[in-house]
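Let me begin by presenting the structure, written as structure tokens, before commenting on it.
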Amino acid sequence: MIEFYNVSADIDGRNILRDISFRIVQGEFAYITGPSGAGKSTVLRLIYMDLIPNEGMVIIDKYSSAKIKNKEIPILRRRLGVIFQDFKLLPDRNVYDNVAFALRVTGVKGAAVKRKVLRVLAEVNLGHKRNRFPVELSGGEQQRVAIARAIVNNPFIVLADEPSGNLDEQASFEILNILEKINRQGTAVLMATHDNTILKRYPHRVIKIKEGLLNK
Amino acid sequence: MIEFYNVSADIDGRNILRDISFRIVQGEFAYITGPSGAGKSTVLRLIYMDLIPNEGMVIIDKYSSAKIKNKEIPILRRRLGVIFQDFKLLPDRNVYDNVAFALRVTGVKGAAVKRKVLRVLAEVNLGHKRNRFPVELSGGEQQRVAIARAIVNNPFIVLADEPSGNLDEQASFEILNILEKINRQGTAVLMATHDNTILKRYPHRVIKIKEGLLNK
Amino acid sequence: MNFWFTLKEGLKGFSRARLATTITITSVAFALLLIGLFMIFSLNMKHWIGGIRSKIELEVFLKPYLDNNEGLNIKQKIKLLEGVGSINYISKDKAAERFQKEFGKSVYDVLDSNPLPPSCTVRIKKGFQTSTIIKKISASIGKIKGVDEVVYKKELLSVIDRYIKFIYLIAGGAGLILVIIAIILLYNTIRLTIFARRDIIEIMKLVGATESFIRRPFLVEGFMQGFFGALLADGMLFLTINIVRKLIYPYLACKIEIYAAIVLFGLIIGLVSSSLSVSKYLQRI
Amino acid sequence: MNFWFTLKEGLKGFSRARLATTITITSVAFALLLIGLFMIFSLNMKHWIGGIRSKIELEVFLKPYLDNNEGLNIKQKIKLLEGVGSINYISKDKAAERFQKEFGKSVYDVLDSNPLPPSCTVRIKKGFQTSTIIKKISASIGKIKGVDEVVYKKELLSVIDRYIKFIYLIAGGAGLILVIIAIILLYNTIRLTIFARRDIIEIMKLVGATESFIRRPFLVEGFMQGFFGALLADGMLFLTINIVRKLIYPYLACKIEIYAAIVLFGLIIGLVSSSLSVSKYLQRI
Ligand SMILES: Nc1ncnc2c1ncn2[C@@H]1O[C@H](COP(=O)(O)OP(=O)(O)OP(=O)(O)O)[C@@H](O)[C@H]1O
Ligand SMILES: Nc1ncnc2c1ncn2[C@@H]1O[C@H](COP(=O)(O)OP(=O)(O)OP(=O)(O)O)[C@@H](O)[C@H]1O
Ligand SMILES: [Mg+2]
Ligand SMILES: [Mg+2]
């Protein structure tokens, strides 16, 4: 479902990743770890096609990085749920609209939007702050909005870049419980993390990256 | 040196902190912990006077929140080193200039700037990326730039909001080693964190906050 | 996609970036006011020039021995010619009065009889007031029996003809420059408001929004900015016109079409500028 | 703080926000071009009006029995009066020629002797060409012995006087509006470029920068934007003027002062706008 074939990626002429090959099958739960600057976020960018590899090929669902058209990229992204490391919330919309936006781009309308958004906001414990704007939230609260937005769409895979970086242990565990729950319902999860506590408590397959190379 | 007397703080008419009193003495190292949204970042904002309490008083060095003039606030801030939870790097300057900016505002010039900046960049392992712009850095690298900028000024206290949120265990420990080192040289440290591993490995006084109240 | 959703999003853009919206609408309004003022100026200049041209007249001197009846007869014949407007018949007596005014002396002071010929002052209809046509009319009149000579200010006419061409050129050129300036300023302003929100466009793309989904609310916003800016411009123009009429020139002409043109212009500029500006940030994958 | 550092920071602002800088400089240039065009227009209008006024002349009819010597004597006397410019003496013979031109008939056709009086055409010096002064000069001439009557186009003169006032009012008003429009558009543009960087100002404050430390590079940037915008405007104005001179009107007047005024204007607007706009984001603690 997600396949990397000897992928090398440059950004602005700088080589970031070299000869990466791995595969994530449907419904799998995998961690991606490695030191700061290793290339974890870059791997995720390759998956949501914000970056096209210089060499090799990335295959996501039925799309290949070699053949995908610009027009198809939004279609692909709607089927992924991405939790960005820097949240990437829309600063000019409140919590509700930020989450609803991800639904509306897929064409969902009216009452269905409301129902789904309120359900995921409740799941991340932010129902009572749905009218706040991102600047009016704490770091951890912003992170939870980002998580809500990523899962509201019933994606076939959730890409989570440090989803617990700004959360205390208790909240991290809750997020991991949510991710495991949706994973049990068939959604794959690929999560970049540094947190050893989580790795130990929620053991899954680990993909290690170091200086742009896969570390088997 | 840092004294909170029955501080209550509202933001946009919403009560965030209630009746907080504590004191941090010169050269102390303290953690501030609590669940997401408890008010940790708000406590730090009160210290760098981005927020003035509605009730009670905050005293930082020789400045009191009740009497400080707008003109004195920059003077105070230059003597603090703040690591913001969302980094707050200047997106239009490279790493070197971001760190140098904090020095230049204090009037340091020419060769002295260069020497000091390169020294702290080396300390956070980013000397080789000094010409990069923030968007060209990974999350952890941005965090380390923020740390470098906070300590370059030889502040009398470092306020660190989740300085290891985006760092792997190894890098976190290095940052903590840096903070402990400058703490041994007489600089106080107040660090907001969720990371239990750090709390255990580097034990110091802990200030707990929950729902805006001090949790003794 | 839902039309109402797009409209609502566009309108929300207004309150989301209130300062930018205010700035843009003001800029749009003033740039359109500029265009409006130019249109008012052109309209009035057209009227003025028409006024000057309509003052061109031919002086037709008749044989001095003709009596009043014969003179009026000739007047009727001239009247039938194409392009001839009103005719003013000047009898021998009136000519004598005119002589006195012009030379400060009566003809009767030196002479017993009046040597001055009767004449006609012939105005030319609108649309026939050009050098070449007047030359033709003058020739036709000259052929009428009893007409002695046809005199008109050939030079003045050709000067006016030349000057009008020149004034039209200047005004047209100035107008074109003004309109270009206004368009560039508007385009730049709208571009800047979207530049200020380039991050938002970037985020929308990452969340899976298609280009048209992102573009449409910005278009609605641009359309609205053009619309409200145009309304404001119309208001200011209306005020300006009324102040000018009260204080300086009560006959200032204005047409409702100018107000409409401003609105149309505002809408087009708003749409085109925002469309082009957003596209800039949509190009990259 | 170091002057060079401020200058460098301001210049760096250019490359840091390249798009915004380009947009701003273009906008500044076009708004200044607008002002420049208006100044050129005013200058030329002043020249034209001067040209019309200088064509005003008095016709002085002398007693018809005076001979040429006596006539020229009177001419000399008139010449001594204050405000009188060139004088053209028209002898009895010249008057006869004029009569023929005007009425299509020679005076000698009906009469043996010439009844027309000698006359002088008197031009008025610059600065004396107003209704009231001309009235006084006319009265003084009338008192000279041998002068029969002084005639001049009182109505035309008062019409010109009134129209010129009116044209000045219109042009002044239009100019004021243009300048206001240009200023508002410029101010808005610069405000938008700073609005796009409000976050940066916020961060600078949190890092301990004083207001003046933050403001100064923006001022330098505004100054530079005004300067380069003005240079561009001067360039475009120069081109426009030369094109107009080549194609339409070779006598188009222009002064070096207009170019200088544009630069000055650009600098002031750049400085004031950026200063005001930055202050908006510095106000809050
Ligand atoms: N836009 C860019 N231009 C140039 N280099 C970049 C860019 N983005 C990232 N890099 C570099 O690519 C490398 C990998 O970055 P990436 O963000 O993938 O790291 P990461 O593993 O996510 O690290 P972290 O744990 O700190 O988030 C880093 O060294 C970074 O400096
Ligand atoms: N600008 C604001 N307007 C309104 N409410 C705000 C604003 N900033 C923060 N808050 C609220 O204040 C509370 C405390 O926020 P704060 O950022 O201090 O939390 P925190 O302890 O730092 O949490 P985290 O660990 O998630 O960073 C939160 O509930 C947040 O929603
Ligand atoms: Mg990363
Ligand atoms: Mg916080």
Side-chain angles (χ1 to χ4, degrees), chain C residues 17 19-20 22-24 26-27 29-31 33-34 37 41 59 61 64 95 99 101-105 107 109-111 113 115-117 119 148-149 151 165-166 169-170 173-174 177-178 180-182 184-189 191-193 195-198 236 240 243-244 247-249 252 280, chain D residues 17 19-20 22-24 26-27 29-31 33-34 37 41 59 61 64 95 99 101-105 107 109-111 113 115-117 119 148-149 151 165-166 169-170 173-174 177-178 180-182 184-189 191-193 195-198 236 240 243-244 247-249 252 280:
Chain C
L19 179 72
T22 320
I23 294 177
T24 315
T26 338
S27 287
F30 278 97
L33 177 62
L34 194 64
L37 287 176
F41 177 73
E59 291 215 69
F61 293 104
F99 177 87
K101 263 192 197 153
E102 191 89 10
F103 289 91
K105 281 223 123 349
V107 264
D109 280 7
V110 260
L111 287 169
S113 74
L116 299 172
S119 63
D148 197 2
E149 201 177 9
V151 169
K165 218 181 252 166
F166 167 67
L169 258 173
I170 288 272
I177 293 178
L178 282 194
I180 290 175
I181 291 178
I184 290 178
L185 289 174
L186 279 198
Y187 173 56
N188 277 354
T189 310
R191 242 166 108 193
L192 274 180
T193 63
F195 169 74
R197 284 178 290 172
R198 59 201 178 285
M236 290 192 292
T240 313
I243 290 175
V244 169
L247 298 184
I248 314 181
Y249 180 60
L252 193 74
K280 218 186 129 77
Chain D
L19 179 72
T22 320
I23 293 177
T24 316
T26 338
S27 286
F30 278 96
L33 176 62
L34 195 65
L37 287 176
F41 177 73
E59 290 215 72
F61 293 104
F99 177 86
K101 262 192 197 153
E102 190 90 12
F103 289 90
K105 283 221 126 328
V107 263
D109 280 6
V110 259
L111 287 169
S113 77
L116 298 172
S119 63
D148 196 0
E149 200 177 7
V151 169
K165 216 182 254 168
F166 167 66
L169 257 174
I170 288 271
I177 292 178
L178 282 193
I180 290 176
I181 290 178
I184 289 179
L185 288 173
L186 279 198
Y187 173 56
N188 276 354
T189 309
R191 242 167 107 194
L192 274 180
T193 64
F195 167 74
R197 283 179 289 173
R198 61 199 177 286
M236 290 192 292
T240 313
I243 290 174
V244 170
L247 298 184
I248 314 182
Y249 181 60
L252 193 74
K280 217 185 130 74

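Chain naming here is simple, since letters A, B, ... match the order of the sequence lines and numbering starts at 1 in each. Side chains included, hydrogens not; waters and symmetry mates left out as well; all remaining heavy atoms used.
With a threshold of 4.5 angstrom between heavy atoms, C:Thr240 approaches chain D through side-chain atoms but not through N, CA, C or O. Residue contact with chain C, scored on non-hydrogen atoms closer than 4.5 Å, involves the side chain of D:Leu37 exclusively. The part of D:Ile177 that comes within reach of chain C is its side chain, from C-beta onward, which places non-hydrogen atoms under 4.5 angstrom from that chain.
Ranked by non-hydrogen atom pairs under 4.5 Å with chain C, the options D:Ile243, D:Ile184, D:Thr193 are led by D:Ile184.
Atom-to-atom distance recorded for D:Ile23:CD1 and C:Leu192:CG is 4.0 Å, nearest 0.5 angstrom. Here CD1 of D:Ile181 is found 11.0 Å from CD1 of C:Ile181. Values are rounded to the nearest 0.5 Å.
Not counting sequence neighbours, the partners of C:Ala182 by the side-chain contact (heavy atoms from CB on, under 4.5 Å) test are C:Ala31, C:Leu34, C:Ile35. Residues passing the side chain to side chain donor-acceptor pair (under 3.5 Å) test with D:Ser27 are C:Asn188, sequence neighbours excluded.
You'll find the side chain of D:Arg198 stays beyond 4.5 Å of the side chain of C:Leu19, heavy atoms only.
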